[in-house]
Amino acid sequence: MTSMFTPDTEWLTLEWHQATVAAGRLCMQRCSDCGRWRHPPRRYCAECFSSESSFVAVAGSGTVESYAVSYRSLDPAWQERAPYATLVVELDEGPRVLAVTELQPSEVAIGRRVDLRIDARSDDFAVLWADPAT
Amino acid sequence: MNLAGQAALVGIGETDYVRGSDQHVADLILQAAMEAITDAGMRPPDIDGVIPPPGFLSTEEIAAHLGIPDVAYHVSVLMGGASPTAALQTAAMAVTCGVAEAVLVCMGWNGYSALRPRADAKPTTRRMNVGPMGEAVRNVYAPYGLLSPAQQYSLYLRRYVDTYKLSEDGAAAVALACRAHAQLNDKALMRGRPLTREEYDASPFIAEPLRKFDCCVETDCATAVVVTTLERARDLPHRPVVYLGGAEGHPMPADEIINRPNLLELGIHRAAPRAFERAGLGPHDIDVLEIYDCFTYVVLLQLEALGYAEPGGASDFVTGGTIELGGRFPMNTHGGLLSQGHCWGLNHVVEAVRQLRHSAGKAQVPGAEVALVTGYGDLGDGSVAILGRDR
């Protein structure tokens, strides 16, 4: 299979990926002052406007909030997999992330429980995969 | 200061909508711009404000190539497809405050040829300014297989369809109405190619719930309008089209789709009530709708945000001929992005002007007095303009 596109990120996005790869678990940015989760990573908290935060490991399970089923992709590596589902997963902690999955589109439904797995492409980038919750 | 009734649209320009234009993208933009200036009864030196397209050609180049000697005001509006309609508000502000006397708003691109250059043409190196879309698509969506707007928007359109258990009837009604209206428009890409419900139903999915015929048509094209004060407009050749009010709105966060508290609350939901309040009008005061139709389901969401239906109810609103010529709210009388061509919605503004001048030919809505235009762009930004025929 052709390799999937992996971006060269920077700034807060890079920090998020590096924290997750280093921990070997999904980490999410959390406000050090009010505890609010921030995703995607932000400089200031939208609740208390604090600039202090850290990346904290989360349980890695959640619920499908929505999803896209793609039949056409400009990326040849993805076109080989079409049709494929990309999931919007609401983590049990609250923030939402995208996830790819080996589930067939017909097996995906809003409300379905999933567990997330880290696919580290490098020290600087990880892709999240969703598996049926165990 | 309320901008209502202070400014007017006095000139319009529009190229053909084609796939594989033999014109350079800069020539498309300049052709539409010169046509708009001429249509306004002006010459380039009468223009002193420029709002350029998001990329491709700068204000500095536009002024130099058209022969505009003294640009007093320039601003770029970067809201994707919401840009042109939002730009009308900025143009109205400029002429009302007196920082410029006449503002040229331009849009144009090689929306088809950029990805599929003609074998006999040298591809342009000019690019669009992708704004906030660029970061989100590269860092967040592309690694998950979502490269095109159809795929990215389906992240919330799926939620919309599932939440309200929508059939495809509403989306099909939008696609068919736009295609029917395009049959009346000499410049529409899809003129001569009518669409049936059977063909819609048989068309392949691109990204569920979007079928091929739920998606707009990529085209090479350009449009332009000229905005000046209503006072000056009354001395110009055409009956003025008055800027009655408008607004823009952005979801929070606007730079990313999936972490909004409500996936279905977009910029237009904030812009719509602001625009109606400023114009002192309501949804039922509108005679013609020109709704940004990058995708059919996005039209349905906007009609709900504008108050034409409760959430989930736009599908019922658009069926039964309501949005077709002859219905209560004729929509996208030029064919829209779905069937005329994709000029980022400035083609919707141009059509609204034609309707209010009563010069829309076979697509004319009899006695049209007030038109509403929306813009919709990037990851959910919205804009609204309410325009009226000068009395």
Side-chain angles (χ1 to χ4, degrees), chain A residues 4-14 16-17 37-42 46 64-91 94-101 105-106 108-111 119 121 125-130, chain B residues 114-116 132 134-166 203-215 218 251-265 295 297 379-380:
Chain A
M4 292 166 178
F5 169 75
T6 301
D8 182 18
T9 68
E10 60 171 20
W11 195 37
L12 301 177
T13 306
L14 178 59
W16 175 52
H17 283 278
W37 297 96
R38 302 182 206 163
H39 192 73
R42 303 293 184 189
V64 176
E65 187 73 7
S66 189
Y67 59 99
V69 177
S70 301
Y71 290 75
R72 301 283 185 88
S73 178
L74 294 167
D75 185 338
W78 282 100
Q79 186 62 49
E80 284 176 20
R81 297 173 61 90
Y84 58 90
T86 304
L87 314 185
V88 176
V89 177
E90 184 166 296
L91 300 173
R96 302 186 193 125
V97 292
L98 287 178
V100 288
T101 183
S106 60
V108 175
I110 291 173
D119 172 12
R121 301 276 170 83
F125 199 85
V127 168
L128 302 177
W129 287 80
Chain B
L115 290 173
R116 310 164 194 82
E135 285 293 309
V137 171
R138 187 170 56 88
N139 292 333
V140 183
Y141 303 119
Y144 288 87
L146 308 174
L147 278 90
S148 69
Q151 293 173 298
Q152 293 143 16
Y153 289 21
S154 71
L155 290 173
Y156 56 88
L157 298 179
R158 156 65 63 187
R159 180 82 196 178
Y160 177 53
V161 166
D162 276 30
T163 299
Y164 299 107
K165 309 208 169 3
L166 300 179
S203 69
F205 280 115
I206 304 299
E208 287 180 24
L210 300 173
R211 294 181 183 277
K212 175 180 159 185
F213 291 126
D214 292 310
C215 303
E218 294 168 328
M252 173 64 184
D255 65 346
E256 196 258 348
I257 290 172
I258 67 170
N259 274 285
R260 297 170 187 157
N262 179 352
L263 290 178
L264 303 180
E265 198 170 307
F295 303 105
Y297 289 92
L379 299 166

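Here is how names work: the chains are called A, B, and so on, in the same order as the sequence lines, proteins then strands, and each is numbered from 1.
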Study note, to complete from the structure: Most heavy-atom pairs under 4.5 Å with chain A, out of B/Glu135, B/Met252, B/Gln151, B/Arg158, belong to B/Arg158
Review point. Which atom names give the shortest non-hydrogen contact between B/Tyr144 and A/Tyr84, and what distance separates them?
Key: O-CE1, 4.3 Å
Study note, to complete from the structure: Residues B/Arg260 and A/Arg96: closest non-hydrogen pair is O-NH1, 2.7 Å
Exercise for review: Name the member of A/Leu128, A/Leu87, A/Asp75 that forms the most heavy-atom pairs with chain B at distances under 4.5 Å.
Suggested key: A/Leu128
Check your understanding: Counting only N and O atoms by type, is there a donor-acceptor contact under 3.5 Å from the side chain of B/Arg138 to the main-chain atoms of A/Asp8?
Key -> yes
Review point. If you draw a 6.0 Å radius around CZ in A/Arg121, do more than 12 non-hydrogen atoms from other residues or ligands fall strictly inside?
Key: yes
Check your understanding: Do A/Phe125 and B/Pro143 come close enough that some side-chain heavy atom pair is under 4.5 Å?
Key -> yes
Point to revise | Top contributor to chain A interface from B/Thr163, B/Asp162, B/Leu157, B/Leu210 [non-hydrogen pairs under 4.5 Å] | key: B/Asp162
Check your understanding: Measuring heavy-atom distances to chain B, does A/Val88 have an atom under 4.5 Å in its side chain, in its backbone, in both, or in neither?
Key -> side chain
Revision key, fill the gap. Whatever's closer than 4.5 Å to a heavy atom in chain A on B/Pro204 counts as side chain
Check your understanding: Side chain, backbone, both or neither: which part of A/Ala85 has a heavy atom under 4.5 Å from chain B?
Key -> neither
**Study point:** For the student: nearest non-hydrogen atoms of B/Val140 and A/Leu98, plus distance
**Key:** O-CD1, 3.7 Å
Practice item. Sort out for me which of B/Asn139, B/Leu115, B/Ile258 touches chain A most, counting heavy-atom pairs under 4.5 Å. Key: B/Ile258
Review point. At their closest point, which heavy atom of A/Arg42 faces which heavy atom of B/Glu256, and how far apart are they?
Key: NH2-CB, 4.4 Å
**Study point:** A/Glu65 portion near chain B, given a 4.5 angstrom heavy-atom threshold
**Key:** both
Review point. If you count heavy-atom pairs under 4.5 Å with chain B, which of A/Ser73, A/Pro95, A/Pro40 comes out on top?
Key: A/Pro40
Review point. Under 3.5 Å, is there a donor-acceptor pair between the side chain of A/Tyr71 and the main chain of B/Glu208?
Key: no
Practice item. Specify which of A/Pro105, A/Ser66, A/Ala109, A/Ala82 makes the most heavy-atom pairs with chain B at under 4.5 Å. Key: A/Ser66
Practice item. Looking only at non-hydrogen atoms, find the nearest pair between A/Ser70 and B/Gly145 and report the distance. Key: OG-O, 4.3 Å
Practice item. Mind checking the CH2-CG spacing from A/Trp78 to B/Leu147? Nearest 0.5 Å is all I need. Key: 10.0 Å
